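Here the structure is laid out as structure tokens; the discussion comes afterwards.
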Amino acid sequence: MEEQLVVEGIVEDIIYQNEENGYTVCTIEYEGEEVSCVGMMLGVHPGEEVRIVGEWTTHPIYGRQLKVDTFDKSIPKTVQGIERYLASGAIKGIGPKTARKIVKHFGLDTFRIIESEPTVLSQIQGISEKKAKEISEVFRAQHELRTAMMVLQEFGITPTYAIKIYKRYKDQTVEVIKTNPYRLAEDIFGIGFKKADEIAMQIGIARNDPQRIKTGVLYLLNNASLEGHTYLPRDLLIGRARELLTVPEEAIMLIENALDELSIQRTIIVKNYDNRICVFLKYLFDRELQIARKLIDLAALYEKDMPFDFERELKQTEKELEIKLVEEQREAVRHVLLNGVTILTGGPGTGKTTTIKAILHMLEKAGEDVLLAAPTGRAAKRMSEATNMQAQTIHRLLEIGYLKEDDQRQMFNRNAENPLEADVIVIDEMSMVDVNLMYALMQAVQEGQRVILIGDADQLPSVGAGNVLKDMIRSERLPVVRLTQIFRQAQESAIVMNAHRINQGDEPVYNEKNTDFFFMARSVQQQVQDTIIELITTRIPKFQKVDPLKEIQVLVPMRKGLLGVNELNKVLQKALNPPALTKVEKEYRDTIFRIGDKVMQIKNNYNTPWKILAPTGYPLDEGIGVFNGDCGMVKAIDLQREVLTVLFDDHKTAEYEFNQLDELELAYAVTIHKSQGSEYPVVILPIHSGPPMLLSRNLLYTGVTRAKKMVVVVGLKDTVSRMIANNSELERYTNLMTHLRQLI
Ligand SMILES: Nc1ncnc2c1ncn2[C@@H]1O[C@H](COP(=O)(O)OP(=O)(O)OP(=O)(O)O)[C@@H](O)[C@H]1O
């Protein structure tokens with residue numbers, strides 16, 4: 001990389017500008033030469049003086065270019081510059097001819113006249129008073145943009161974020177930044193409390209400013225929700241707030257006051273349950289409460305009788321499906337048919353799918369309309385395959401609507417006013433459903449509809465806030481049917497048997513003849529890495545005839561270290577998709593995205609448009625929304641348009657602007673957390689060392705149960721044993737169970 005340099009010049013020509021993200025290719029006049037500049041330069045116009053900080057790069061076709069890191073600009077100061085600026089089309093309604101007339105008339109005073117005396121401007125022939133006003137408004141808007149970008153850059157905000165911020169607040173930008181920069185942390189994805197706090201400190205907001213303390217507390221509660229909690233115990237929250245806000249012990253009152261104020265404003269709810277003072281964000285408190293209420297109503301107000309002679313219908317169904325249900329499965333079927341809500345739970349191979357198939361068969365015969373859904377696309381696909389019926393994601397079921405930029409609130413077209421139309425709603429993989437999704441689902445169902453919730457409560461809980469499935473089961477207030485028998489076919493699978501062993505606290509059995517569960521002892525981390533690469537590139541594909549990219553998945557307990565997701569992705573990328581002349585690359589932060597890379601979407605983006613294209617390129621289907629956990633492959637990278645295209649596993653194609661690449665990650669290795677709800681033919685699990693708290697039984701259990709054909713554990717047996725022994729899940733502070741118990 002060459003050294004950073006500063007270039008000052010006058011913009012000559014705009015060759016390309018993407019109005020959405022500000023990506024610009026332009027030429028400037030610099031020391032008598034014409035220089036091409038490329039980068040984020042929202043709102044530059046010919047004639048403006050720019051000061052660019054950047055570096056020289058060489059483009060294979062266009063030659064030497066100045067890559068812009070930051071820039072600032074001032075409006076032109078010479079008569080020629082002013083005329084060039086106006087003539088460039090920067091202001092709608094002024095073309096080269098009018099520009100000449102205006103500048104001839106007002107000279108260096110032109111901009112002042114346009115901005116503050118539009119009536120004078122209308123003296124020019126051909127400019128009506130109305131038009132003069134319009135011109136003035138456009139000019140002022142541009143002035144605002146310019147000022148906003150300058151102010152943002154002054155506070156060390158990179159152009160990419162500056163554009164996001166400007167697009168969010170428009171003409172309010174400077175005011176927001178200067179009065180309450182903490183709003184950035186709430187409103188802009190990628191800006192946290194710490195960055196906002198830095199800006200606040202620069203502006204001179206005091207450390208003990210009540211607004212600062214309140215925002216800090218809300219930020220912590222928000223962050224806690226990202227860790228899965230729906231509340232924090234008051235003492236824990238105060239401790240975290242002191243640390244974040246560097247409030248000394250004796251000033252703890254400041255935090256207590258902030259809690260009181262937020263509570264009076266009803267932004268937070270403070271409750272005392274069993275001598276624990278719990279602090280909730282109000283919306284999360286309400287959502288858990290509403291879920292509890294609806295579940296209880298669905299269960300209590302269901303009045304339909306068994307639609308047919310149960311024994312006769314069941315016999316008939318068994319005949320038609322060629323199965324014989326065991327007693328606990330028959331009980332499960334009977335229970336579902338008699339109740340408004342049923343939670344059906346059990347480990348792998350305990351016959352959940354078989355039972356649900358029998359239920360669906362009987363319900364269909366009774367003429368009931370059924371809707372099937374699961375939290376992820378992959379889980380929905382598996383459900384479709386298993387039942388031969390259409391299943392969709394819960395988001396799609398609830399008809400997710402269009403959201404404004406950066407607005408993270410979920411808005412569903414199916415809701416209390418427009419509920420789902422069906423007699424029965426079946427949701428699979430309930431362990432992954434968080435409070436927000438469950439709330440949305442519960443809004444869209446009504447009393448009288450039958451709800452069947454299926455899941456394995458021993459899987460890791462949802463990534464988002466809440467512990468919905470476990471809380472529902474533990475409350476002992478809702479009808480739960482547990483399947484426990486492991487069937488013969490399933491017993492032949494060492495994956496299934498070992499999963500159950502792990503779940504009960506026993507050691508897995510490794511490497512028996514014809515097994516599908518292997519252990520490879522490697523004591524040094526580097527050896528683990530090398531072994532994984534050898535397994536994935538040669539040994540497993542040869543042995544199992546699987547596609548290394550699509551059918552083998554490395555699942556990792558942690559993000560950091562030699563065996564963390566980040567590092568493993570780098571080495572696996574090198575092994576599976578090395579650089580080549582034909583493969584375009586884009587470096588973003590410390591990741592290189594290359595054509596052919598396996599990637600994963602890591603946040604829900606309800607607005608990203610997608611298309612499903614026929615091989616001819618003709619669009620077969622289109623929609624919006626790509627979701628956390630969706631996997632695919634980089635299909636194209638367009639360096640000129642600054643766009644990367646991903647083809648997802650479910651055949652959707654979506655485009656990412658380069659400044660949106662923080663939503664994507666390489667996915668040769670993914671965390672076990674992110675793999676929930678997915679299944680892969682072959683799973684490789686590096687289990688070596690790490691913080692004991694993270695290495696837990698249900699993490700190992702979830703990892704193992706993702707595999708269909710083969711599991712290979714590489715690393716230390718001791719660590720595997722320690723994980724199995726560590727049954728103390730990280731505590732999740734959630735309240736659905738308490739609500740359920742208090743309501744009945
Ligand atoms: N009543 C039964 N009699 C004989 N075999 C059964 C019965 N019920 C289920 N099985 C068999 O047991 C195996 C596991 O069943 P199923 O796929 O329904 O379980 P599951 O709980 O859905 O498993 P997973 O969670 O792993 O998908 C299957 O091969 C299935 O055919």
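Counting convention: from 1, in listed order, for ligands and their atoms alike. The residues of the chain are indexed from 1 along the displayed sequence. Just so it is clear, the structure is predicted and the values come from calculations on it, not from any experiment.
- For Tyr733, the ring-ring contact (aromatic ring centres under 6.0 Å, His included) criterion is met by His229, Tyr231, not counting sequence neighbours.
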Could you check Thr354 against Phe487 for side-chain contact (heavy atoms from CB on, under 4.5 Å), going step by step and ending with a plain yes or no? CA-CA 11 Å; Thr354 310; Phe487 288 95; over 6 Å; no

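- Of the candidates Gln459, Gln676, His500, Gln459 is the only one forming a side chain to side chain contact (heavy atoms under 4.5 Å, CB included) with Thr705.
- Panel note: side chain Arg477, backbone Ser475; a donor-acceptor pair is recorded below 3.5 Å.
- Salt-bridge formation is not detected for the pair Glu551/Lys545: no Lys NZ or Arg NE/NH1/NH2 atom is positioned less than 4.0 Å from an Asp or Glu carboxylate oxygen.
- Around ligand 1, the residues contributing at least one heavy atom under 4.0 Å from the ligand are Lys324, Leu325, Val326, Gln329, Gly347, Pro348, Gly349, Thr350, Gly351, Lys352, Thr353, Thr354, Phe487, Gln489.
- At distances below 3.5 Å, at least one donor-acceptor pair connects side-chain atoms of Asp423 with backbone N or O atoms of Asp369.
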